[in-house]
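Below is one structure, written out as structure tokens; comments come after it.
Position 1 is the first residue of the sequence, and the numbers go up from there. Note that this is a predicted model, so its numbers are computed, not measured.
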Amino acid sequence: MTGADSSPPAAPSLEAAYEHCLRLAAGHYENFTVGSWLLPRHLRRPLAALYAFARGADDLADEGEAPAAIRLARLDDWERQLEACFAGTADTPVFVALADTVRRFAMPLAPFRRLLRAFRRDAAFTPFATVDELIDYCRDSAAPVGHLVLALFGHADAARQALADQLCIGLQLANFCQDVGVDAERGRVHLPLDVLRAHGVDPAALRAPAMRAPLQAVLRAEVARARGYLLDGLPLADRVAPRLGREVRLFAWGGLAILARIAAQDFAVVDARPTVPRRQKAALILRALLRREPPRRLLATPPLARDPQLAEAYAYCAEVTRRSSSNFFYAFRLLPPPRREALCAVYAFCRFVDDIADDAARRDPAALLGRWRDELTRLYEGAPTHPIGRALADAVRRFPLPRQCFLDLIRGVELDLTRRRYATFDELHEYCYLVAATVGLLCIEIFGYRQPSARDYAVDLGVAFQLTNILRDVTEDAARGRLYLPLEDLRRFDCREADLLSGRYSPRVGALLAFECGRARAYYLRAGGALAPEDRAALAPAEAMRLIYERLLRRIEARHFDVFGGGKVTLPRYEKVTLALAAWGRAHLAGLQA
């Protein structure tokens with residue numbers, strides 16, 4: 001008689017492995033069912049395998065009473081099984097199914113490792129010190145899932161992955177807002193500590209009555225942040241296969257619906273966890289099937305997300321924009337209120353910073369620019385002090401506005417304090433990028449766009465705007481001792497600095513300015529070539545500004561390039577309004593035809 005067989009159990013069959021993953025996916029509550037029947041049938045099992053991997057690791061990190069060291073050890077074992085999966089030696093149901101999935105869809109190992117990095121942080125949990133730390137965590141815990149799902153459909157390009165990152169991060173942030181009360185019971189806080197402390201919230205006493213009002217203020221901010229990410233990622237639905245697009249919409253709408261429920265509860269989530277009723281889920285699924293837009297209340301900023309101080313800050317920025325008589329003001333009127341407010345906040349910041357250089361004689365410009373740099377740091381950390389900073393902090397939470405663009409703008413203004421001449425056009429182009437193209441890059445994040453070429457459009461249009469301003473303002477700049485036209489161009493047309501600084505027009509000066517007008521027009525043409533048809537409707541405000549500035553350029557040409565006499569080249573208000581409306585009509589008509 002032989003002894004008991006001590007050999008390891010045989011690996012399950014592929015069919016049995018996938019069935020195991022499908023049961024795991026069906027057994028966990030989610031806002032929308034994983035492996036939805038809206039997806040192609042042949043992808044439901046691979047998606048279940050991905051879900052089973054992530055769900056299993058999440059359970060190891062979060063559930064049970066095991067000490068952190070044991071949880072981390074279990075995650076190490078999970079990673080060894082992952083490595084065996086990629087080596088072709090998997091022997092457990094989840095990894096047998098996953099091995100087949102990663103082989104069929106050529107999936108890389110990196111996204112799986114990033115997920116495990118996030119789960120290890122869950123196992124040895126420490127609160128997020130800053131907003132940036134929270135977002136970095138989401139890039140590990142949520143964004144890789146989007147990349148893997150895109151891979152199922154053959155999408156591996158950076159543009160779609162970037163949109164998926166926004167969507168997945170938004171969903172993770174919405175989940176954290178939804179589960180504040182549940183997490184508090186477990187002794188965890190997934191809200192950034194710098195934001196909590198800025199509002200006077202004690203992370204260790206979230207359930208205390210005294211924390212109710214300040215915690216509601218925190219949730220207002222965090223809901224706005226999550227909404228911004230979800231709305232920025234939503235265009236992904238139009239850039240993938242139709243069936244995946246419907247799934248993308250459902251997940252995004254589900255996240256937005258959760259955030260709307262939080263607002264409906266007056267942001268009081270500690271005692272009552274908000275959920276989406278089944279009837280509302282069914283209605284959203286029906287809308288997705290019929291390819292209809294979601295209810296407007298999901299896309300609109302919840303009225304409860306606005307506190308009086310923030311409303312005053314936005315009103316202050318709107319007044320700054322209105323009083324400036326800027327060409328931008330008429331383009332901003334084409335936007336819905338949330339985007340218009342954000343644009344006014346950006347413009348007010350740019351206006352205040354730019355005015356520092358123009359009024360340098362009466363103030364300490366370097367110190368003032370330093371204060372705005374400090375305010376920029378505070379507003380990105382959630383603790384602004386100036387009305388413009390408060391409005392901009394809210395805009396930053398709702399739209400992905402790069403901090404570097406604001407810093408580059410300040411650097412460009414600093415050039416006006418120290419530099420009075422530009423030897424070459426390359427030097428002038430760098431200046432135009434810093435003071436104008438950066439503003440364009442910020443604006444398109446608020447307008448919204450689908451194609452990466454929109455960034456080239458923004459840069460070229462910004463340079464064109466600044467060149468137009470330089471041509472229009474030769475006399476004003478000369479009064480400040482500044483000459484922006486490249487010195488190499490003056491030599492080319494045999495012009496002297498004194499001619500421009502004293503406002504003496506001559507055929508040679510006219511030829512120089514005609515050349516610079518042609519250069520500006522070339523940048524307008526380059527921008528037009530970079531504007532994708534599917535982005536025309538979203539970027540209608542930018543097109544309105546283009547028409548207004550090109551009309552200014554025509555006025556300079558109509559004067560035979562004499563910018564010294566006859567007063568400053570401007571457009572009357574009615575003409576700006578007419579051009580803005582024309583741009584809006586053309587852009588939306590082109591969008592319908594695209």
query: Just by distance, with hydrogens left out, do Ser502 and Arg504 show a side-chain donor and acceptor under 3.5 Å apart?
result: yes
- request: Going by the side chain to side chain contact (heavy atoms under 4.5 Å, CB included) test, name the single residue among Val346, Val439, Thr438 that passes it with Cys405.
  value: Thr438
- prompt: When the aromatic ring centroids of His386 and Phe352 are compared, is their separation below 6.0 Å?
  reply: yes
- request: Quick one: do Leu167 and Leu163 satisfy side-chain contact (heavy atoms from CB on, under 4.5 Å)? Show the steps, please.
  value: CA-CA 6 Å; Leu167 184 62; Leu163 288 172; over 6 Å; no
message: Ring centroids only, cut at 6.0 angstrom: are Tyr431 and Tyr484 within range, meaning strictly under it?
response: yes
Student check: side-chain heavy atoms of Ile388 and Tyr316 closer than 4.5 Å: yes
- prompt: Are the side chain of Arg339 and the backbone N or O of Ile446 linked by a donor-acceptor pair below 3.5 Å?
  reply: yes
task: Begin with the C-alpha distance, continue with both residues' side-chain angles, and end with the deciding distance and a verdict on side-chain contact (heavy atoms from CB on, under 4.5 Å) for Leu500 and Phe564.
output: CA-CA 9 Å; Leu500 295 167; Phe564 304 112; 3.9 Å; yes
task: Could you go through the salt bridge (Lys or Arg N to Asp or Glu O under 4.0 Å) check for Asp354 and Arg351 one step at a time?
output: CA-CA 5 Å; Asp354 188 56; Arg351 180 77 274 158; 2.9 Å; yes
task: May I ask you to say whether Arg480 pairs ionically with Asp416, meaning some side-chain N is under 4.0 Å from a carboxylate O?
output: no
message: When you measure from the side chain of Arg160 to the backbone of Arg239, do you find a donor-acceptor pair of N or O atoms at a distance under 3.5 Å?
response: yes
field: Donor + acceptor pair across side chains of Tyr314, Asp394 (<3.5 Å)
entry: yes
query: Would you say the side chains of Gln404 and Asp408 form a donor-acceptor pair under 3.5 Å?
result: yes
message: For the residue pair Arg508 and Phe493, would you count it as a cation-pi contact if the rule is NZ or CZ under 6.0 angstrom from the ring centre and within 45 degrees of the ring axis?
response: no
- prompt: Taking only residues two or more places apart in sequence or in another chain, which ones pass salt bridge (charged side-chain N to carboxylate O under 4.0 Å, His left out) with Asp477?
  reply: none
message: If you compare all heavy atoms of Ala313 against all heavy atoms of Ala391, which two are closest, and at what distance to 0.1 Å?
response: CB-N, 3.8 Å
message: Less than 4.5 Å apart, side chain to side chain, heavy atoms only: is that true for Leu219 and Cys177?
response: yes
- request: Please assess Tyr422 against Leu485 for the test side-chain contact (heavy atoms from CB on, under 4.5 Å), listing each intermediate value before the final yes or no.
  value: CA-CA 7 Å; Tyr422 291 86; Leu485 300 179; over 6 Å; no
Mutual orientation of the aromatic rings belonging to Phe406 and Tyr380 [parallel < 30°, tilted 30-60°, perpendicular > 60°]: perpendicular
- prompt: Considering only heavy atoms from C-beta outward, does the side chain of Leu441 approach that of Tyr433 to under 4.5 Å?
  reply: yes
query: Within the distance-only criterion (no hydrogens, no angle test), does the side chain of Glu427 pair as donor or acceptor with the backbone N or O of Ala423 below 3.5 angstrom?
result: yes
- request: Please report the shortest heavy-atom distance between Gly389 and Leu379, naming the atom on each side.
  value: O-CB, 3.7 Å
Closest non-hydrogen atom pair, Ala538 against Gly448: CB-O, 3.2 Å
query: Can you check whether Arg373 reaches Leu376 side chain to side chain, under 4.5 Å on heavy atoms?
result: no
- prompt: How long is the gap from CZ on Phe447 to CZ on Phe399, to the nearest 0.5 Å?
  reply: 10.5 Å
message: Counting only heavy atoms from other residues, nucleotides and ligands, does the tally under 6.0 Å from CZ of Arg371 exceed 12?
response: no
field: CG-CG distance between Asp364 and Leu368, expressed to the nearest 0.5 angstrom
entry: 6.5 Å
- prompt: Yes or no on salt bridge (Lys or Arg N to Asp or Glu O under 4.0 Å) for Glu375 and Arg378, after CA distance, side-chain angles and deciding distance?
  reply: CA-CA 5 Å; Glu375 181 70 1; Arg378 287 192 292 269; 2.8 Å; yes
message: Using a 3.5 Å distance criterion without hydrogens, assess whether the side chain of Arg249 forms a donor-acceptor pair with backbone atoms of Leu234.
response: no
message: Does the plane of the ring in His155 sit parallel, tilted or perpendicular to the ring in Phe153? Use 30° and 60° as the thresholds.
response: parallel
- prompt: Tell me, do Tyr523 and Leu461 make a side-chain contact under 4.5 Å, heavy atoms counted?
  reply: no
field: Geometric cation-pi criterion, Arg546 with Tyr524: 6.0 Å, 45°
entry: no
- request: For residues Gln172 and Arg139, determine if any side-chain heavy atom of one lies less than 4.5 Å from a side-chain heavy atom of the other.
  value: no
Asp473 side, atom CG; Gln466 side, atom CD - distance, nearest 0.5 Å: 8.5 Å
query: Can you check whether Phe425's main-chain N or O pairs, donor with acceptor, with Glu488's side chain at less than 3.5 Å?
result: yes
- prompt: Is the closest side-chain heavy-atom distance between Tyr457 and Gln451 below 4.5 Å?
  reply: no
task: Please identify each residue that fulfils salt bridge (charged side-chain N to carboxylate O under 4.0 Å, His left out) with Glu381, with sequence neighbours left out.
output: none
query: Say you draw a straight line from CG of Leu553 to CG of Leu467; how long is it, rounded to the nearest 0.5 Å?
result: 9.5 Å
Derivation of the side-chain contact (heavy atoms from CB on, under 4.5 Å) call for Leu231 and Leu256: CA-CA 9 Å; Leu231 293 175; Leu256 291 170; 4.0 Å; yes
message: Before we go on, tell me: are the rings of Trp372 and Phe349 under 6.0 Å apart, centre to centre?
response: yes
- request: Over all heavy atoms of both residues, which pair between Leu171 and Leu230 is shortest? Give the atoms and the distance, please.
  value: N-CD2, 3.6 Å
message: For a salt bridge (Lys or Arg N to Asp or Glu O under 4.0 Å) check, start with the C-alpha distance between Arg519 and Glu516, then their side-chain angles and the critical distance, and finish with the verdict.
response: CA-CA 5 Å; Arg519 175 175 274 158; Glu516 303 299 348; 3.2 Å; yes
- request: Working to the nearest 0.5 Å, report the span between CD1 of Ile556 and CZ of Arg472.
  value: 8.0 Å
field: Gap between atom CG of Leu531 and atom CD of Glu543 - 0.5 Å precision
entry: 5.0 Å
query: Under a 4.5 Å cut-off applied to non-hydrogen side-chain atoms, are Trp253 and Val248 in contact?
result: no
message: Given Glu497, which partner from the list Arg491, Arg482, Arg420, Arg421 fulfils the salt bridge (Lys or Arg N to Asp or Glu O under 4.0 Å) test?
response: Arg421
field: Verdict with supporting geometry, Glu476 and Lys568, salt bridge (Lys or Arg N to Asp or Glu O under 4.0 Å)
entry: CA-CA 9 Å; Glu476 289 183 14; Lys568 185 174 181 178; 3.3 Å; yes
